[in-house]
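First comes the structure, then the notes that go with it.
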Protein chains: 2
Amino acid sequence: MAIASLPSKTGQIRKENEILILAAAEQEFADRGFDGAVMGRIAKRAGLARANIYYYFNSREQLYWRLLKNIVAKWNESFPDINREDDPANILGAYIKAKVKFSLQNPAASKIFAGEILRGAPIIGEYLEDLYGNWLRGRVDVIEAWIQAGKMDRVDPHHLIFMIWSTTQHYADFDFQVKAALGKDKYTKEDFHKITSTLTHIILKGCGIKPLEDAAL
Amino acid sequence: MAIASLPSKTGQIRKENEILILAAAEQEFADRGFDGAVMGRIAKRAGLARANIYYYFNSREQLYWRLLKNIVAKWNESFPDINREDDPANILGAYIKAKVKFSLQNPAASKIFAGEILRGAPIIGEYLEDLYGNWLRGRVDVIEAWIQAGKMDRVDPHHLIFMIWSTTQHYADFDFQVKAALGKDKYTKEDFHKITSTLTHIILKGCGIKPLEDAAL
DNA sequence: GTCTATAATCAGATAGAC
DNA sequence: GTCTATCTGATTATAGAC
């Protein structure tokens, strides 16, 4: 093998193997949950020896924790900030679309997060409360301002947000059930559009928000 | 101890202990998932010796399976049949209300089911496909008939049903997150009404269904 | 029906040679 | 950086006395 093809920078192997391991772990934790996931399968999926995983991560829990933080970070960067001058149809439509897209493109991430919350967030609990407290308060305030300004019906902002979360994440977390019901084994581009348009129609109209022209979608 | 106070009928002890064990197991499986649940804690919660659990159930998996079947049965009996002559507002409103009620009253059951689906339904898979196939087809047909009759907007029936499932079950499955966001440690009667009325408002209006008078709710 | 061993297995984590 | 061998602890399930 030519020297030129070898990783040249220090820590290159480390970086590459961490990525392999994280990808393998993401699948394993999504498929089995924290308690069902075993290091042996993670190693196998990553193509490394089991003991070697411990050269990169101190423990199974540390590996899980790293994944959870990555997921939350990825989530945050996917969903931009909003403010009260923005148009509700615009903002909520874009948010629904981004969430559906995230679910269909990152089902494993969504499942890991769902499993963690389902068990009462034993690992990520505090971290989340700090992080989401502000985020949520900001959005609730904007929605309340929209209501005050007569831009939409008087619906409880928290429950509206929960509705968007639950309906969009459902397509990742419960994809087994959804796919069984639809009689398909994976989502298509058409499914994405159908899901997005149905959710957007019902939620926006249900909140008394006038939709934008089709061009804006 | 007086003889009269002892269980008189054969199998009485068995019946009582099975109930104790199932209740304990329901909590344990809801809190920890199938892989995280351990027989030791189930026994402790039930107030029995660990080995004694095996006198009543052959294995952890059998116990889990019994619970899942109970949950599905309970679910079915909670939600009555519908047909195309019925009024959409009436039927969907009642269904949403019943689902929210079920979630708030039986969070453990909902969580066990959610955990099973999240993992790809490894245990209950086939059983479900048989059971839900017909159920779902029936509802989809009715909703399509309502659309044909001009009683509601042309929204995809499958996605409408998923929306009702996801939004209502969210309050059980992700109660940790919801309660943290709302700043409370349990749901009140007021929460129940707020949730039900918000979901009903958005979903019915979003589908272009005229609500009934308040008296009917 | 209950409960104290105990067998058998499995998986996390580490030691230490290469 | 990699990998074999090993230690340790936990847990399922059973045997068999009471």
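Chain B approaches DNA chain D over the interval D:dT11 to D:dT14, counting the first and last nucleotide 5' to 3' with an atom under 4.0 Å from its heavy atoms.
Here side chain to side chain donor-acceptor pair (under 3.5 Å) pairs that include residues 110-120 of chain A, with residues two or more places apart or in two chains, are A:Y64-A:E116, A:S110-A:D173, A:K111-A:D175.
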Between protein and nucleotides 7-13 of chain C, map the contacts as a letter string: B base, S sugar-phosphate only, - none, heavy atoms under 4.0 Å, written 5' to 3'.
----SBB

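Applying the ring pair (Phe, Tyr, Trp, His ring centres under 6.0 Å) rule to A:Y55 yields no partners; only residues at least two apart in sequence or on another chain are considered. Residues passing the side-chain contact (heavy atoms from CB on, under 4.5 Å) test with A:K44, sequence neighbours excluded: none. Contacts of A:E28 classified as salt bridge (charged side-chain N to carboxylate O under 4.0 Å, His left out), with partners at least two apart in sequence or in another chain: A:R41, A:R45. Among residues two or more places apart in sequence or in another chain, the side-chain contact (heavy atoms from CB on, under 4.5 Å) test is passed with A:T196 by A:K97, A:V100, A:F192, A:T200. Legend: residues meeting salt bridge (charged side-chain N to carboxylate O under 4.0 Å, His left out) with B:K184, ordered by chain and number and at least two apart, are B:D191. Not counting sequence neighbours, the partners of A:N83 by the side-chain contact (heavy atoms from CB on, under 4.5 Å) test are A:E85, A:D86.
No engagement by A:F57 is indicated, since no non-hydrogen atom pair under 4.0 Å with the nucleic acid exists.
Here the two rings, on A:W165 and B:F174, have centers that are 6.0 Å apart or farther.
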